[in-house]
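What follows is a short report on a single structure.
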Amino acid sequence: MLRGIVKEQRRVAIEAGEALREVFEEIGVPLPGLTIDPREPVTGDVRVSPGRIAANDVLIVVGVLRDGLAARDAAANSVTPMPCPKVGDLVVDTAAGRCGTFQDVDGDRWRLTPVFGDGESWTADPHTVRTATLNELVRVGMTAKVSHHQKAG
């Protein structure tokens, strides 16, 4: 069984090395000295050595990685416009990084209030508002229970 695991991890390491080599070639940075050494066959950890790389090629790689991170972050912060929520629905304003309850439409924006009523209401661009996830709903519910018990106690 262990021999099968080691063989599979070695195969994955070789596949990962080839994929890495292909990606670097696609961005114009060939890695003739790239080596992938499956040092830890059980966990799949590998030692990756790109070999010698010119400084300008390193800057190309850094630029591509930064562009990729920016694209990933932009995608994570973009929200497909949702239908207008009902009054009292829990939503997340991704631009403000806040949870709130929907109150009403204010021109081309939505008016939201803090979940527990403490603090000022604010308006949000509907394109940056999304429905709260189940985890967020549970967190808000638990916070409300804790707050209620602290006030009662």
Step-by-step side-chain contact (heavy atoms from CB on, under 4.5 Å) determination, Val92 to Val129: CA-CA 6 Å; Val92 176; Val129 175; over 6 Å; no
Between the CG atom in Leu31 and the CD atom in Glu25, the distance rounded to the nearest 0.5 Å is 8.0 Å
Residues passing the side chain to side chain contact (heavy atoms under 4.5 Å, CB included) test with Thr133, sequence neighbours excluded, are Arg130, Asn135, Glu136
How long is the straight-line distance from CD of Gln103 back to OG1 of Thr113, given to the nearest 0.5 Å? 4.0 Å
Search all heavy atoms of Gly107 against all heavy atoms of Val105 and return the closest pair with its distance. O-CG1, 3.3 Å
Single-linkage hydrophobic cluster Val58~Ile27, side-chain heavy atoms < 4.5 angstrom: yes
Provide the closest heavy-atom pair for Arg98 versus Pro114 in the form atom of the first, atom of the second, distance. NH2-CG, 3.8 Å
OG1/Thr131 to CZ/Phe102 distance, rounded to the nearest 0.5 angstrom? 11.5 Å
Are Arg111 and Trp122 in a cation-pi setup, meaning NZ or CZ lies under 6.0 angstrom from the ring centre and within 45 degrees of the ring axis? no
Might you point out which heavy atoms bring Thr101 and Gly88 nearest each other, and give the distance in Å? CG2-O, 3.9 Å
CH2 of Trp110 to CG of Asp125, rounded to nearest 0.5 Å, is 9.0 Å
Of all the heavy-atom pairs spanning Leu90 and Cys99, show the shortest one and how long it is. CD1-CB, 4.4 Å
Can we say Glu15 and Arg11 salt-bridge, meaning some charged N sits less than 4.0 Å from an Asp/Glu carboxylate O? yes
